[in-house]
Amino acid sequence: MTATMQTSTIDIWADEILANPHEAFTELREQAPVVYLKHSDVWALTRYAEIREALGSWEDFSSTRVAFNPQMNEVLTGTTLASDPPLHTQLRATLSENLTPRALRDLKVTIDEKADRIVADAVSRGTFDAVTDLAQELPLQIVLDLIGVQGEVRDKILGWGAAAFNLLGPMNERAQQSFPLAGELFEWTHGMEGDKLAEGSIGRAIFDAGARGDIPPELCGHIIHQYLAAGMDTTIGAIANAIRLFGENPDQFAKVKEDPTLIPAAFNEVLRMEAAMHAQGRGTTRDVTVGDTVIPEGSQVAVLFYAGNRDPRHYDNPDAFLVERNPVDHLTFGYGVHGCAGQGLAKLEAHAVIEAFCRRVDSFEIGEPTVTLNNTSRSLGSLPVTSLVAA
Ligand code: HEM
């Protein structure tokens with residue numbers, strides 16, 4: 001504890017803040033770059049520069065406390081997400097091998113075709129739900145293709161992904177209720193038989209590498225688990241938020257429609273405006289000074305992506321959605337050694353949906369969205385698209 005320590009009674013996992021974090025996160029950011037949250041015994045990093053610095057300093061901010069509860073950190077021990085170098089470097093190499101731009105190149109055609117079919121189908125209905133009819137469909141199909149399974153687990157997967165994200169939060173009711181579903185996901189990924197996965201799939205390649213002894217066989221289930229848990233809610237949330245932000249800003253939608261080369265920049269702006277994750281955990285390995293504050297060794301830290309992405313010290317007019325801004329340095333994919341391993345895939349998927357949507361829709365209106373409360377990921381539950389004018 002130091003004289004300059006700033007504290008707050010805000011509970012960042014309260015329902016109303018999970019539903020709409022912006023007001024509370026702005027308050028915390030404008031209070032100080034580091035604020036001790038009394039309710040959760042957590043040190044929140046709130047400003048862009050400090051967040052980026054911390055994400056880049058794994059020696060001081062360890063991922064062994066990536067979750068906000070000890071049980072989950074224990075379960076995650078030895079995974080890419082929850083380890084530090086040098087172990088992390090070794091695990092990450094195996095995990096990201098199948099997600100490099102080269103490895104993804106062949107997937108682009110498939111993703112574009114699937115995205116176009118999904119958008120065409122939704123648009124043909126006249127009114128539709130942008131979450132269930134559109135945003136969920138592509139990541140679901142792609143992640144199942146990637147792993148090489150279809151059918152039997154499809155209906156369960158969305159629930160499993162949400163449960164995994166709930167368990168990264170503090171051990172509140174939402175987390176406790178998620179144990180059975182998260183356990184099912186764990187059993188499924190770790191009980192998988194590689195030779196039953198589709199030939200040519202990435203899942204099959206991972207198990208083949210395990211069988212050859214190229215990677216420890218016990219890692220195969222972990223890798224599939226990470227693809228599944230990390231690749232679903234995040235991408236679904238981002239696609240749904242793209243449609244919402246275009247619906248709220250028709251002038252910006254018109255710009256992208258007129259010039260589709262703006263799609264990558266527009267998607268970066270979607271990610272900056274609405275981070276897919278609410279907060280991510282780290283643990284201090286020593287006393288760490290941030291600004292005027294010393295965060296004691298062994299503290300639980302929360303990185304507030306939402307607050308950093310809208311920091312006026314880094315982005316002009318940060319609350320405005322501007323598709324030409326192209327904020328390539330947003331924090332939503334994280335930064336440093338843990339920076340999202342699947343961001344190439346997420347971009348392929350989102351760009352494909354936005355491209356098909358711009359091509360097939362002239363203008364549209366949206367209704368009131370609902371938010372599915374989750375301890376870590378922030379997903380819309382529904383987003384009605386009404387008064388659609390198809391192109
Ligand atoms: C818009 C979509 C996505 C967002 C916003 C996102 C966000 C993130 C963030 C913030 C991290 C860093 C976590 C940390 O620092 O503790 C991360 C890590 C990771 N992501 Fe993503 N992600 C997305 C999509 C995906 C997809 C599609 C996959 C794969 C199928 C994926 C796989 C991973 C993996 C494996 C990690 C762990 C990397 C490591 O610990 O080294 N993500 N993601």
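Numbering of ligands and ligand atoms starts at 1, following listing order.
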Q: Under 4.0 Å from ligand 1, counting heavy atoms only, is it the side chain of R92, its backbone, both or neither?
A: side chain
Q: Check whether any heavy atom of K347 sits under 4.0 Å from an atom of ligand 1.
A: no
Q: Taking the six-membered ring where the residue is Trp, are the ring centres of F246 and F357 under 6.0 Å apart?
A: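 No; F357 has its ring centre 6.0 Å or more from that of F246.
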Q: Starting from atom 30 (C) of ligand 1, find the nearest protein heavy-atom neighbour and note its residue, name and distance.
A: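 Heavy-atom neighbour on the protein nearest atom 30 (C) of ligand 1: Y227 O, 3.7 Å.
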Q: Could you establish whether V337 and ligand 1 come within less than 4.0 Å of each other, counting only heavy atoms on the residue side?
A: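 Under 4.0 Å: yes for V337.
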Q: For atom 35 (C) of ligand 1, find the nearest protein heavy atom and state the residue, atom name and distance (0.1 Å precision).
A: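 The closest heavy atom on the protein side is L95 CD2, 3.3 Å.
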Q: Answer yes or no: are there more than 12 heavy-atom neighbours, outside E218 itself, under 6.0 Å from its atom CD?
A: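 Buried by this count: over 12 neighbours within 6.0 Å.
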Q: Would you mind writing out the side-chain donor-acceptor pairs for residues 199-208 within the sub-3.5 Å range, not counting sequence neighbours?
A:
unit_1	atom_1	unit_2	atom_2	d
S201	OG	A198	O	2.7
S201	OG	R204	N	3.1
R204	NH1	L197	O	2.8

Q: For the aromatic rings, using the six-membered ring if either is Trp, is the centroid distance between H278 and F25 under 6.0 Å?
A: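 Aromatic pair counts; centres sit under 6.0 Å.
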Q: Strictly under 2.8 Å of atom 21 (Fe) of ligand 1: which protein N/O/S atoms qualify?
A: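 Listed by chain and number, the atoms are C340 SG.
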Q: Around E74, counting heavy atoms of other residues, nucleotides and ligands shown, do more than 12 lie under 6.0 Å from its CD?
A: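 No - once you tally the heavy atoms of other residues, nucleotides and ligands closer than 6.0 Å, there are 12 at most.
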Q: Suppose I only count heavy atoms of A276 and a 4.0 Å limit; which atoms of ligand 1 are within that range?
A: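 Numbered from 1, ligand 1 contributes 5 (C).
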Q: Please indicate whether any nitrogen or oxygen in T235 is less than 3.5 Å from any nitrogen or oxygen in ligand 1.
A: no
Q: Which of the listed options, R282, Q226, M277, E349, holds the heavy atom that is closest to atom 14 (C) of ligand 1?
A: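 Answer by nearest heavy atom: R282.
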Q: Which one of L345, L348, T332 has a non-hydrogen atom at the shortest distance from atom 7 (C) of ligand 1?
A: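 Looking at heavy atoms only, the winner is T332.
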Q: In chain order, what residues pass the side chain to side chain contact (heavy atoms under 4.5 Å, CB included) check against Q136, with sequence neighbours excluded?
A: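 Partners of Q136 by the side chain to side chain contact (heavy atoms under 4.5 Å, CB included) criterion, ordered by chain and then number, come out as V131, T132, L158, I236.
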Q: Could you say whether the N/O atoms of Q280 and ligand 1 ever approach to under 3.5 Å?
A: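 It does: an N or O of Q280 is found under 3.5 Å from an N or O of ligand 1.
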Q: Between R360 and D121 (salt bridge meaning N to carboxylate O under 4.0 Å), is one present in this structure?
A: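 Salt bridge flag = no for D121 with R360.
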Q: Before accepting this row, confirm whether a basic side-chain N of the pair R282/D60 lies closer than 4.0 Å to the acidic partner's carboxylate O.
A: no
Q: With heavy atoms of T80 as the reference, note each atom of ligand 1 found under 4.0 Å away.
A: 39 (C), 40 (O), 41 (O)
Q: Considering the heavy atoms of V66, write down every atom of ligand 1 situated less than 4.0 Å from one of them.
A: 16 (O)
Q: Starting from L76, can I reach W58 by hopping between I/L/V/M/F/W/Y residues whose side chains sit under 4.5 Å apart?
A: no
Q: Remaining members of L219's ILVMFWY cluster at a side-chain heavy-atom cut-off under 4.5 Å?
A: L87, L91
Q: To the nearest 0.1 Å, how far is atom 37 (C) of ligand 1 from its closest protein heavy atom, and which atom is that?
A: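 Answer for atom 37 (C) of ligand 1: L81 CD1, 4.1 Å.
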Q: If the cut-off is 4.0 Å to any non-hydrogen atom of A238, which atoms of ligand 1 fall inside it?
A: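 By the 4.0 Å cutoff, the relevant atoms are 1 (C).
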Q: Between R313 and E50, is the closest basic N to carboxylate O distance under 4.0 Å?
A: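 No, E50 and R313 are not salt-bridged.
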Q: Check the hydrophobic clustering (I, L, V, M, F, W, Y; side-chain heavy atoms under 4.5 Å; chains of links allowed) and say if L322 and M273 are grouped together.
A: no
Q: Going by heavy-atom distance to atom 12 (C) of ligand 1, choose the closest among H338, H222, H88, H330.
A: H338
Q: Is it true that the side chains of H22 and E27 contain a donor and an acceptor less than 3.5 Å apart?
A: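 Not at all, the side chains of H22 and E27 share no donor-acceptor pair under 3.5 Å.
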